[in-house]
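These values consider heavy atoms only, across backbone and side chains, with no hydrogens, waters or symmetry-generated copies.
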Amino acid sequence: YGSGANEFTYKVVDPDGNETTATIKTDKTIVGDALLENNFIAGDAGDYGMYIKSVNNITLDWDKDAMYWGFYINGEYAMTGVDGINIKDGGEYEFKAEK
C-alpha cells in the first residue's frame, strides 16, 4: 500500500485469530502517521499517546467487550504507542486483538 521511501510490514490479528499482512510504503517517518494516512487505524489522543480503538475497521471497546488492540514491534510487545515509533525499514508492526 502507498508509495514512498520507507517500507515496513503491517500485520493484524483480529478477534477471531485471522491474520492479515500488508507491505506499507510511505514518506512518513512515524508508524502511526503512515497507518493513519492509509486509514488502517483510528483512535483518540490520550495521556500516553494515541489510544487505538479501530484497526482495519474492526473496533474494540474495553468497556463493552473487555478487548483492546495490543501493539507489537518485530514480535515484541511495544512499550511506546504507535504514534511515538519511528519507522525502521523492513520492520514489522503488528496489532493483535487481546483480552
Side-chain angles (χ1 to χ4, degrees):
Y1 290 89
S3 62
N6 299 315
E7 181 177 315
F8 64 92
T9 300
Y10 166 65
K11 184 176 175 184
V12 176
V13 180
D14 71 20
D16 297 323
N18 301 312
E19 291 186 14
T20 304
T21 303
T23 299
I24 307 296
K25 294 181 180 180
T26 183
D27 284 326
K28 301 285 186 187
T29 58
I30 302 294
V31 175
D33 292 343
L35 296 176
L36 284 168
E37 172 182 59
N38 289 285
N39 297 313
F40 287 120
I41 61 171
D44 296 327
D47 293 340
Y48 303 102
M50 179 180 276
Y51 176 69
I52 304 299
K53 291 186 171 185
S54 178
V55 174
N56 288 3
N57 294 314
I58 301 169
T59 300
L60 298 180
D61 184 340
W62 179 259
D63 294 329
K64 182 176 154 191
D65 47 32
M67 294 188 82
Y68 70 98
W69 288 108
F71 179 56
Y72 293 78
I73 302 169
N74 297 323
E76 298 288 326
Y77 194 85
M79 293 294 145
T80 304
V82 68
D83 56 344
I85 299 295
N86 290 319
I87 295 170
K88 294 208 187 314
D89 257 0
E92 180 181 273
Y93 305 97
E94 178 179 13
F95 285 97
K96 291 183 185 178
E98 300 187 339
K99 288 186 174 252

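- The distance from the CE atom of M67 to the CG atom of D61 is 11.5 Å, given to the nearest 0.5 Å.
- A parallel orientation is assigned to the rings of Y93 and F71, their planes being inclined by less than 30° (bins at 30° and 60°).
- Put simply, M50 and I87 are part of the same group of oily side chains (I, L, V, M, F, W, Y) that touch within less than 4.5 Å, one to the next.
- What you find for A97 and L60 is that their closest heavy atoms are CB-CD1, 3.7 Å.
- Residue I58 is grouped with residue I52 when hydrophobic side chains (ILVMFWY) are merged at heavy-atom distances under 4.5 angstrom, including chains of intermediate members.
- Distance CD/E98 to CH2/W69: 9.5 Å, rounded to 0.5 Å.
- The environment of N57 atom CG is sparse: at most 12 non-hydrogen atoms of other residues, nucleotides or ligands sit within 6.0 angstrom.
- A heavy-atom distance below 4.5 Å is found between the side chains of L35 and F8.
- Separating the OG1 atom in T26 from the OH atom in Y1 is a distance of 14.5 Å, to the nearest 0.5 Å.
- E76 CD to E92 CD: the interatomic distance, rounded to the nearest 0.5 Å, is 11.5 Å.
- Using a 4.5 Å cut-off on side-chain heavy atoms (C-beta onward), T9 and T21 make contact.
- A continuous path of hydrophobic side-chain contacts links M79 to Y68 [ILVMFWY only; heavy atoms under 4.5 Å].
- The heavy-atom pair separating G4 from D27 by the smallest distance is CA-OD1, 3.3 Å.
- Of the inter-residue distances, the one linking N74 atom CG with E94 atom CD reads 10.0 Å to the nearest 0.5 angstrom.
- The shortest side-chain heavy-atom distance between N56 and F95 does not fall under the 4.5 Å cut-off.
- Scanning both residues, G32 and I41, for their nearest heavy atoms gives O-CD1, 4.0 Å.
- Within the 4.5 Å cutoff, side-chain heavy atoms of T23 are placed close to those of E7.
- Each of I30, T29, V31 was compared with D33 under the side chain to side chain contact (heavy atoms under 4.5 Å, CB included) criterion, and only I30 meets it.
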Item to check | Stepwise side chain to side chain contact (heavy atoms under 4.5 Å, CB included) test for I24 and F40 | outcome: CA-CA 11 Å; I24 307 296; F40 287 120; 3.4 Å; yes

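- Tracing side-chain contacts under 4.5 Å through hydrophobic residues (I, L, V, M, F, W, Y), one never reaches Y77 starting from V82; they form parts of separate clusters.
- Note that CG of L36 is 8.5 Å distant from CG of D83, once rounded to the nearest 0.5 Å.
- With hydrophobic clusters built from ILVMFWY side chains whose heavy atoms lie under 4.5 angstrom apart, Y72 shares a cluster with Y51.
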